[in-house]
S.K.: 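Structure below; questions to follow.
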Amino acid sequence: MAKLVQLADSNFLNDLDQHLSHPAWYAKVTKLADQYLNSSSVPGKKDEQWRYTNLKWINGTRWTNVTKVNSGKVDQLLQSVNIDQNTIDLLCVNGRFVNPKNHQDVCFEDLKDVMTLPQDHQMNFFDGVRYRWLHDALQLNFNLKRHCHVVFLATDPHQWHNVILNTKVSQAIADNMLNISVVYPQSTLNLEVDTQLDQTSELNYMVWTAPDSKLILRHRSQLGKEARLKVFLYNFEASWVHETCHVHVGEKASVDMSGLLLPCKSHFDDKEIDVVHDSPKGISRQQFYSVARDKGKAVFHGKAIVKATAPGTDARQLAHALMLSDQCQIFSRPELEIDIDDVQCQHGSSVGQIDKNALFYLQARGINLEDAKNMIIKGFLEEVIRKLPPMWQETMRNRVAIHGFSAK
Amino acid sequence: MFKINNLSAGIGGKTILKEISLDIKPGQVHAIMGPNGSGKSTMAGVISGNDNYEVTAGELLFDGKDIKDLDPEERACMGVFLAFQYPVSIAGVNNMVFLQASINSIRKYKGLPPLDAFDLIELIKSKMKLINMNPDLLQRGLNDGFSGGEKKRNEILQMLCLEPKLVILDETDSGLDIDAMKAVADGVNAIRDDQRSFIVVTHYQRLLDYIKPDVVHILKDGEIVMSGDYKLALKLEKEGYGWLS
Ligand SMILES: Nc1ncnc2c1ncn2[C@@H]1O[C@H](COP(=O)(O)OP(=O)(O)OP(=O)(O)O)[C@@H](O)[C@H]1O
Ligand SMILES: [Mg+2]
């Protein structure tokens, strides 16, 4: 435990212990997590994946734990981020899944048989923390429902919650949507979302993080034969985000991942993506666009791994970034790791300022400098937004406008 | 209408334009011809306010007012229009949305109410017809993936919609097939009147067959070395620039 205490001298993890009650079968997971945590250490600058990540705030925070839910606060928070209560199918308040209508605890199915621990080499420190001090977990089956909006919400600041959401999409159901909103003002959600797509099934999966939230997200996805997954990761003014996605692409399956990183103020947004092809003829796309302002920092580390057992793979990556201030930072690293000849792989990456020629062109048509900049930025973001399912596009455009990128 | 007095300009300390003077009366068409690299696009950029170039001396009098220190958007609002030699593509900006923003900024400057979507579409479609432009191009990204000819037509469409007072065409005829060149000329001739003036930069006398210039200037090494009438263009077409030196 020494290492944990070092990370959290405010004792937030010890505090967690007192409020957690796990079923008996979970003891084996706790044990595994303990083992992992004891053999690993708090990530630091030496770890490739955490090189650009500032973790100081964890120590600097006085963590609190709010177990009682104040419904008034829930309503207020949802309203403040324009989420209509009626659109919510599942709510997780202060680390507990509840019925969105009456805030009663949702009795979740026994996860004993479905919960899979990540392989040791895929585990990171925060996975260990999540498993060791898990608040709640839930299994969602998409054979019943086609659209599901899950809202994770913290009613009070300085909380830390560890939650797992397991989803399973059954065969031949098309057009499923899993929409996740994270509303964690000044609190931290350490979330894992596992999506398992059976043969020929489809899932659209979107994660949106509300202003001021902190999110550590581990996404694991397993795609069966000919399954199709689309992932959209959108962070606007979330203050600190670290997302790790691991996608396993089955035979003739396809995954399309896209996202916007828009750090401003002194916000931080890090995406780490591993797409693994080990069966023939899989398709993968990664398209991540960043716009950094103020002292914002965006990190994109995308990897496509094509094993020798995956002939006919088609893997592409695009990472483009705009820097709008002198003090913002962007680190972008699209990578391909290919063990076989018979594949199509491409990657493209750019980091720069707004193109002066484009600005002049718009100005020469009577559009003022500020509006011209916003038009170009909006256009840049549009490249990603237009990939969203139509029903989400307008919402996202509105959020972009609220975020300050709108031409009059 | 538009007067250039002893204009000198350059880039990164290097002088490109040397003491150029031009006097363009209302309704006149002035053609500028000259070898590659002689400074034609530089002149167009300087007039429209591209701050890549530094103006080191001289005046740009637009209706008597020196516009050389104004922002490009203000010049555009006053009625300066440059049809770019190389129009920029901006993939995510919808062509229609761009046109709308441009038309309405200029209307706002003139104190006119913005056009609503219906009036806009009607206006734009009618102008497109005039130059035989494919309406599908309106819903694409601005010049995104447009062919060379489509980009040039898009420039002319903007000119028709914005109805500027001073139009600078920078090699709008280059790379166009004969029908497209005719369409561009039709567009220009459609808005020619006794008030609107044109500066037509071109390498070929053919465009000038369609758009008859009042004056032809030859720009060489950043200087206007000769001015004349339409016959000067014919001579250049036959003999090139060699005889000038
Ligand atoms: N950014 C720049 N840096 C350095 N030199 C430049 C720059 N832009 C233009 N020039 C130089 O200025 C001179 C004039 O260029 P300009 O584009 O005005 O020529 P032009 O007459 O339009 O030629 P063309 O007929 O080929 O279009 C050229 O020698 C060119 O290389
Ligand atoms: Mg030129």
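Below, chains carry the letters A, B, ... as their sequence lines are ordered, and counting in each starts from 1.
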S.K.: Can you see which heavy atom on B:Val88 is nearest to which on A:Asn357, and at what distance?
M.R.: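 In this case the closest contact between B:Val88 and A:Asn357 is CG2-O, 3.6 Å.
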S.K.: Which pair of heavy atoms, one from A:Lys356 and one from B:Asn52, lies closest together, and at what distance?
M.R.: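 In this case the closest contact between A:Lys356 and B:Asn52 is NZ-OD1, 3.7 Å.
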S.K.: What part of B:Ile103 gets within 4.5 angstrom of chain A, counting heavy atoms only: side chain, backbone, both, or neither?
M.R.: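 Interface part for B:Ile103: neither.
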S.K.: Flag yes if more than 12 heavy atoms outside B:Lys151 fall under 6.0 Å of its NZ atom; otherwise flag no.
M.R.: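 More than 12 heavy atoms, drawn from other residues, nucleotides or ligands, come within 6.0 Å of this atom.
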S.K.: Between A:Glu382 and B:Val93 (side chain of the first, backbone of the second, donor and acceptor by atom type, cut-off under 3.5 Å), is there such a pair?
M.R.: no
S.K.: Just wondering, more than 12 heavy atoms not from A:Lys387 lying within 6.0 Å of its NZ?
M.R.: yes
S.K.: Would you indicate whether B:Glu122, at its atom CD, is surrounded by more than 12 heavy atoms from other residues, nucleotides or ligands within a distance under 6.0 Å?
M.R.: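 Open.
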S.K.: Taking everything shown except B:Lys68 itself, do over 12 heavy atoms lie less than 6.0 Å from its NZ?
M.R.: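 It does: B:Lys68 NZ has more than 12 such atoms within range.
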S.K.: Is B:Lys18 atom NZ crowded by more than 12 heavy atoms from other residues, nucleotides or ligands, each under 6.0 Å away?
M.R.: yes
S.K.: Which atom pair, heavy atoms only, marks the closest approach of B:Ala101 to A:Ile367?
M.R.: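 That closest heavy-atom pairing would be CB-CD1, 3.9 Å.
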S.K.: Check the surroundings of atom NZ in A:Lys281: do more than 12 heavy atoms from other residues, nucleotides or ligands lie under 6.0 Å from it?
M.R.: no
S.K.: Does any backbone or side-chain atom of B:Phe98 lie under 4.5 Å from a heavy atom of chain A? Answer side chain, backbone, both or neither.
M.R.: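 Both the backbone and the side chain of B:Phe98 come within 4.5 Å of chain A.
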S.K.: Determine the option with the most heavy-atom pairs under 4.5 angstrom with chain A, choosing from B:Gly141, B:Cys77, B:Gly49.
M.R.: B:Gly49
S.K.: Below 4.5 Å from any heavy atom of chain A, which atoms of B:Asn143 appear? Answer side chain, backbone, both or neither.
M.R.: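 For B:Asn143, side-chain heavy atoms alone lie under 4.5 Å from chain A.
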S.K.: Using non-hydrogen atoms and a limit below 4.5 Å, what part of residues 359-366 of chain A faces chain B?
M.R.: A:Phe360, A:Tyr361, A:Leu362, A:Gln363, A:Ala364, A:Arg365, A:Gly366
S.K.: Which value, rounded to the nearest 0.5 Å, describes the distance between B:Ile90 atom CD1 and A:Asp355 atom CG?
M.R.: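 Atom-to-atom, B:Ile90:CD1 and A:Asp355:CG are 7.5 Å apart.
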S.K.: Around atom CG of A:Asp84, are there more than 12 heavy atoms of other residues, nucleotides or ligands at under 6.0 Å?
M.R.: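 Count over threshold, so yes.
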S.K.: Against chain A, label B:Pro164 side chain, backbone, both or neither, depending on which of its atoms sit under 4.5 Å from a heavy atom there.
M.R.: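 The answer is neither part of B:Pro164.
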